[in-house]
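Notes for the one structure printed next.
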Amino acid sequence: MRYEAPVSVKEASALLAKERGASFVLAGGTDLLVRMKGGFIEPDLVVDIKRIKPMGEVKKSASGFEIGAAVPCCKLGENSALKKAWPGVVEAANLIGSKQVQGRCTIVGNLCNASPAADSVPALVAAGAKVVIQGPRKKRTIPVEQVPVAPGRTSLAKGEIITAIQLPKRNPRSADAYLRFIPRSEMDIAVVSAGINLTLDSKGVVTAARVSLGAVAPTVLLVDAAAKAIIGTKLDDKALADLAAACSAACRPIDDKRGTIEFRQKVAGVLARRAAKIAYQRAGGK
Amino acid sequence: MSGVHVTTTINGDEVDFVCPADETLLDALRNRLGLTGAKEGCGTGDCGACSVILDGRLVCSCLVLGAEAQGRKIETIEGMADGEKLHPLQRLFISHAALQCGICTPGFLIAAKNLLEMNPDPTEEEIRFGLAGNLCRCTGYDKIVRAVQAAAKEMRGA
Ligand SMILES: Cc1cc2nc3c(=O)[nH]c(=O)nc-3n(C[C@H](O)[C@H](O)[C@H](O)COP(=O)(O)OP(=O)(O)OC[C@H]3O[C@@H](n4cnc5c(N)ncnc54)[C@H](O)[C@@H]3O)c2cc1C
Ligand code: FES
Ligand code: FES
């Protein structure tokens, strides 16, 4: 195996594109090194992106936030402007692993590992986040939900690197929230999870919403029917019940030792309802 | 061996070593530099026995490549005492009997040191969450939490 730590994205992309063997981007390494050591992958080349300066920064601009692909999740929690604008994205990112894992792991690594249970991904999808991708020849920007295509597989082509995640500009009276169910209090993999992002008008009526679910299908789900169930409401009991029903109906989970199909369907609705209430309150609704 | 040549700072001293590109920092510390304080409990980021501080951040050295250490600053358990004088956490772990077999102890001490640097007055819950990445199969955690609380108190007073 070769290890390279280039200082520019162009160089990194060229190294990956040129390699004939198995090549991997290294961000925090909390998935990659586990897979290497377990013998699941045998890289010929590992390209560390942490020496690429802009990838280590969180930038705020008129169009929103841009989070560099090498920013460890601990830094998201320490960024008060980001936390204020996108509390759901930050709480999801900060749920990943322990303090030790937080010091290294990235949301882009979480996304590219393409686990159906990845914690930050439903929150990013609910947020309407986009990823900026640099390839050997061209740059493109796509919605987060188009990156994972199956468990462990992404839509990225050889030589393509995600350089950053873009979070849109925040409208007034908007907020997000993320909840997961795990049987322990920390350090576990989500059995079901839900992300909600919404905007209210001055009377507390939901005018826009995005609802996402994790760990209940091969890839993250964006549930339009669930968003429709709460748009135009003040999140009264009927709206919350419709939201929960739409979420349960959208699930296509597996049965495994972590949870049965029935349990996951039910809990998806419960978590969506609770997350919606949290987001509603954060957005200033009463 | 076609290795990577790494120059880095460990506990304030500049060191160099050569290691294969796929070798972990934990293996480089233990097998090339003779720093055997960090332990390998799991090798997969779950137990925290291999904890070190890398550029001010707590990390599992079993999930860091040795090659990544180039030009960085690393703190290990070997740098915690000041000569013969133990760090308050070390002293209070002993007096609180916060260890039995001791395999988890270097990791807990490094994690607790980093925790108190970030948050000098943590609640019990913050201590328990802060140390959730460190596993101990002997003590039942309670004595560890008490030792960290005592150290936090002493360090704030001092
Ligand atoms: C003890 C432990 C606990 C964990 N707990 C959780 C948890 O609670 N929730 C959870 O969701 N996950 C958890 N994980 C999994 C892991 O920590 C996360 O998925 C993390 O976000 C991965 O980020 P990373 O930067 O470490 O990725 P890496 O390991 O560096 O990379 C992961 C994959 O993405 C690719 N990649 C990384 N960056 C890019 C890029 N910029 N462009 C293209 N491809 C890229 C890599 O090549 C690799 O295939 C845990 C892991 C451990 C070891
Ligand atoms: S040996 Fe590194 S976390 Fe267990
Ligand atoms: S003292 Fe034995 S594992 Fe902690």
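These numbers were taken from a predicted model, which means no experiment stands behind them. Residue numbers start from 1 in every chain, and the chains themselves are labelled A, B, ... in the order their sequence lines are given, proteins ahead of strands.
For Lys75(A), the NZ atom sits in a loose shell: 12 or fewer heavy atoms of surrounding residues, nucleotides or ligands are nearer than 6.0 Å. Within 6.0 Å of CZ on Arg274(A) lie no more than 12 heavy atoms contributed by other residues, nucleotides or ligands. Residue Lys53(A) qualifies as open at atom NZ: its count of foreign heavy atoms under 6.0 Å is 12 or below. Within 6.0 Å of CZ on Arg20(A) lie no more than 12 heavy atoms contributed by other residues, nucleotides or ligands.
Atoms CG and OG1, on Leu33(A) and Thr24(B) in that order, are 8.0 Å from each other to the nearest 0.5 Å. Rounded to the nearest 0.5 angstrom, Arg2(A) CZ and Asp22(B) CG are separated by 13.5 Å.
Annotation: maximal heavy-atom pairing with chain B below 4.5 Å, among Met36(A), Gln102(A), Lys37(A), occurs at Lys37(A). Contact tally against chain A (heavy-atom pairs below 4.5 Å) for Ala67(B), Gly56(B), Cys60(B): the top residue is Ala67(B). With chain B as the partner, the residue from Pro72(A), Gly28(A), Cys74(A) showing the most heavy-atom pairs under 4.5 Å is Cys74(A).
Heavy atoms closer than 4.5 Å to chain B are found in both the backbone and the side chain of Lys99(A). For Leu54(B), the part lying under 4.5 angstrom from a heavy atom of chain A is the side chain only. Heavy-atom distances place both the backbone and the side chain of Val64(B) under 4.5 Å from chain A. Residue contact with chain B, scored on non-hydrogen atoms closer than 4.5 Å, is absent for Glu42(A). With a threshold of 4.5 angstrom between heavy atoms, Leu26(A) approaches chain B through side-chain atoms but not through N, CA, C or O.
We find that Arg104(A) and Glu68(B) are joined by a salt bridge, their nearest charged nitrogen and carboxylate oxygen being less than 4.0 Å apart.
Below 4.5 Å, heavy atoms of chain A meet heavy atoms from Ala111(B), all part of residues 93-126 of chain B.
When Val52(B), Leu63(B), Val59(B), Asn134(B) are each tested for a side chain to side chain contact (heavy atoms under 4.5 Å, CB included) with Gln100(A), only one passes: Asn134(B).
Looking at Met1(A) and Glu23(B), their side chains never come closer than 4.5 Å, going by heavy atoms from C-beta outward.
Shortest non-hydrogen contact noted between Ser98(A) and Gly133(B) is CB-CA, 3.3 Å.
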